[in-house]
Amino acid sequence: MTTIRLHNTKTRRKEDFVPINPDNVRMYVCGPTVYDRAHLGNARPVIVFDVLYRLLRHVYGADHVTYVRNFTDVDDKINARAAESGRSIGDITAETTQWFLDDMAAIGALEPDAMPRATQYIGQMITMIEDLIAKDHAYEKEGHVLFRVRSYAQYGALSGRSVDDMIAGARVEVAPFKEDPMDFVLWKPSSDDLPGWPSPWGRGRPGWHIECSAMAHDLLGTHFDIHGGGNDLMFPHHENEIAQSRCAGHEFANVWMHNEMLQVEGKKMSKSLGNFFTVRDLLDQGVPGEVIRFVMLSTHYRKPMDWTERKREEAAMTLKTWFRSTDGIKPVSPPPPQIIDALSNDINSHLVFSKLHELHSNGDYTALKAGLRLLGFPDAEKLDWFRGDQEMASFDNLTKESGALFPYLVEWQRLRNSRNYVEADALKARIEAIGIKLSIGPAGPNAEPTEAFDPAKLELLK
RNA sequence: GGCGAGUUGGCGGAGUGGUUACGCAGCGGAUUGCAAAUCCGCGUACAGGAGUUCGAUUCUCCUACUCGCCUCCA
């Protein structure tokens, strides 16, 4: 059996992945807070862990992997959004949850086996908080329940920090009811205008961290294999999850995986910098989901990835080449071993791409197609944008938009046939000026739109 | 200030204690009326300094720079 090697944040090294139970490999990934469209940065962990999910399913069998990704649908950002828009919280979370699923499907992500909503697990959270209080790891103060960080000796081990160091460098305002500045909220009181649930500590709502501990426990048990997310979650979110769960007596996750941040113009995409855009923005601009997926996977997940226009173009070019050569081809099964090996080496997706290039240049298109499938790329036959380009490129099968181009192509062909190359080339230059790439195929002229093509420009040919 | 990650050829980006990554761009060639597409060939890079070693881009230390976390964020 293939040995998968994964970088474990907990040990800071690459380790052989040994599942607790190969018949039920379990993975939990922190999902989005649903209050707005997913920005491009949200897509990175989704794609990275989707590829890992696909690899695990390949190695252990599709029925032997359980992947859980939550939706955080109780959060102060959502409350704020509701207050400013006048819409109900339920409306906002329902809508943005569906947006998220639509957008992630567009970039080729499989849906996890379970997608729990925090609001459906309030009871489990309360039970867990009560247990932590009973075990003296948490305390109630002024309607809040706080986790006592000092009661977990290994607090900070994941992110390589010590409580004392953090207090020394802390820039956080310390709430007066905290025993220790680093203590964090498990439960907080809600005023009447905020969502709240009855609890032993009064009407209130959970803090952010407890939901993942409670849901992972409920759906995956006290001990599971992989916990993933963006590396900005390492501290404090994951650190707090570990503290809570361990103190509740759960073994929790064996392997911790963190993807690096996405950058735009060399800077992290973040709300405070205002340099973020959504997956939907790109899709609406006509960037195919496959291209977004390709760009994401062209950089190893543990390195920062810069989203650039040039990468987008190169990705589209490479994918077109590969789709062209795998169009109508039957893929081999199983996928070629060099692809599995590269992927098994801590999800070295970039190395996979170089192997795919190799398969392509060797003319091994059946293996290339199998590799593309394993990475979660659709078959060329199913891709509308690729099909559209191909059809438009065919002289015999011009689409509505390019129909207006037809007479010019006929004219070009006529000039060429009469060896009137001076005029033929002049016409060609005019056609190419509006973003159409002309070429000659076995059946006659081919016209393929480039990125610069806009149907409105057809007017310019007259 | 505390902690962490990184610095590879024009660009992107893997990897390795000793032999050409790969892709894009570029150059040369085949093919083509010219092109496009396709195919063939060409590039000898690893921030700076010191050390370990027979040998370091790969290990250790130092310096410089970049980025991230410590605050909402994946």
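All chains are named by letter (A, B, ...) in the order of the sequence lines, taking the proteins before the strands, and each is independently numbered beginning at 1.
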Practice task
Report the nucleotide, chosen from B:C11, B:A74, B:G12, that has the shortest atom-to-atom distance to any side-chain atom of A:Arg310.
Solution key: B:C11

Practice task
Nearest whole angstrom, please: distance from the P of B:C67 to the CZ of A:Arg44.
Solution key: 17 Å

Exercise for the section: Look at A:Thr299 and B:G13 and indicate whether a side-chain polar atom (N or O) is within less than 4.0 Å of OP1 or OP2. Expected result: yes

Problem - Electrostatic pair A:Arg373:A:Asp379 at N-O distance under 4.0 angstrom - result: yes

Handout entry: A:Thr366 and A:Asp364 side chains, donor-acceptor separation under 3.5 Å
Key = yes

Practice task
Can you check each nucleotide of nucleotides 37-44 of chain B against protein heavy atoms at under 4.0 Å and return B for base, S for sugar-phosphate only, - for none, in 5' to 3' order?
Solution key: SSS-----

Problem - Watson-Crick or G-U counterpart of B:C42, or none if no pair lies under 3.5 Å - result: B:G26

Handout entry: Side-chain donor-acceptor contact under 3.5 Å, A:Thr278 with A:Arg280
Key = no

Exercise for the section: Give a yes/no answer on whether the side chain of A:Lys77 brings an N or O atom under 4.0 Å of OP1 or OP2 in B:C73. Expected result: yes

Handout entry: Ring centroid separation A:His360 to A:Tyr365 under 6.0 Å
Key = yes

Exercise for the section: Assess whether side chain to side chain contact (heavy atoms under 4.5 Å, CB included) is satisfied between A:Met115 and A:Phe71, documenting all intermediate values. Expected result: CA-CA 7 Å; A:Met115 297 187 282; A:Phe71 282 108; 3.9 Å; yes

Practice task
Describe the nucleic acid contact of A:Arg416 in one word from base, sugar-phosphate, nothing, applying a heavy-atom distance below 4.0 Å.
Solution key: base

Practice task
Under 4.0 Å between any heavy atoms, over every strand shown, what does A:His39 touch: base, sugar-phosphate, or nothing? Just pick one.
Solution key: base

Practice task
Please state how far atom CG in A:Leu351 lies from atom P in B:G23, giving the value in whole angstrom units.
Solution key: 13 Å

Handout entry: Any A:Lys311 side-chain N or O less than 4.0 Å from OP1/OP2 of B:G13
Key = yes

Handout entry: Gap between atoms CD1 and C1', on A:Ile347 and B:G13 respectively (whole Å)
Key = 17 Å

Problem - Any N/O donor-acceptor pair, A:Asn231 side-chain to B:G4 base, under 3.5 Å - result: no

Could you write out each protein N or O paired with an N or O of nucleotides 26-28 of chain B at a distance under 3.5 Å?
none

Exercise for the section: Decide yes or no, distance alone: a donor-acceptor N/O pair under 3.5 angstrom between the base of B:G4 and the side-chain of A:Arg161. Expected result: no

Exercise for the section: Could you check whether the rings of A:Phe224 and A:Phe252 sit parallel, tilted or perpendicular, using 30° and 60° as the cut-offs? Expected result: perpendicular

Exercise for the section: Verify the distance criterion only: is there a donor paired with an acceptor across the side chains of A:Tyr301 and A:Asp346 at less than 3.5 Å? Expected result: yes

Practice task
Look at all strands and tell whether A:Trp208 reaches a base, only sugar-phosphate, or nothing, counting heavy atoms closer than 4.0 Å.
Solution key: sugar-phosphate

Handout entry: Whole-Å gap separating P (B:A74) and CE (A:Met305)
Key = 16 Å

Handout entry: B:A21 OP1/OP2 closer than 4.0 Å to side-chain N/O of A:Lys355
Key = no

Exercise for the section: For A:Met261, report the nucleic acid contact type (base, sugar-phosphate, nothing); a contact means any heavy atom under 4.0 Å. Expected result: base

Handout entry: Flag for A:Gln244-A:Asn240: side-chain donor and acceptor within less than 3.5 Å
Key = no

Practice task
Could you tell me whether A:His350 contacts a base, only the sugar-phosphate backbone, or nothing, with contacts defined as non-hydrogen atoms closer than 4.0 Å?
Solution key: base

Completion exercise
Test salt bridge (charged side-chain N to carboxylate O under 4.0 Å, His left out), reference A:Arg81, set A:Asp75, A:Asp36, A:Asp91, A:Asp73, output is A:Asp36

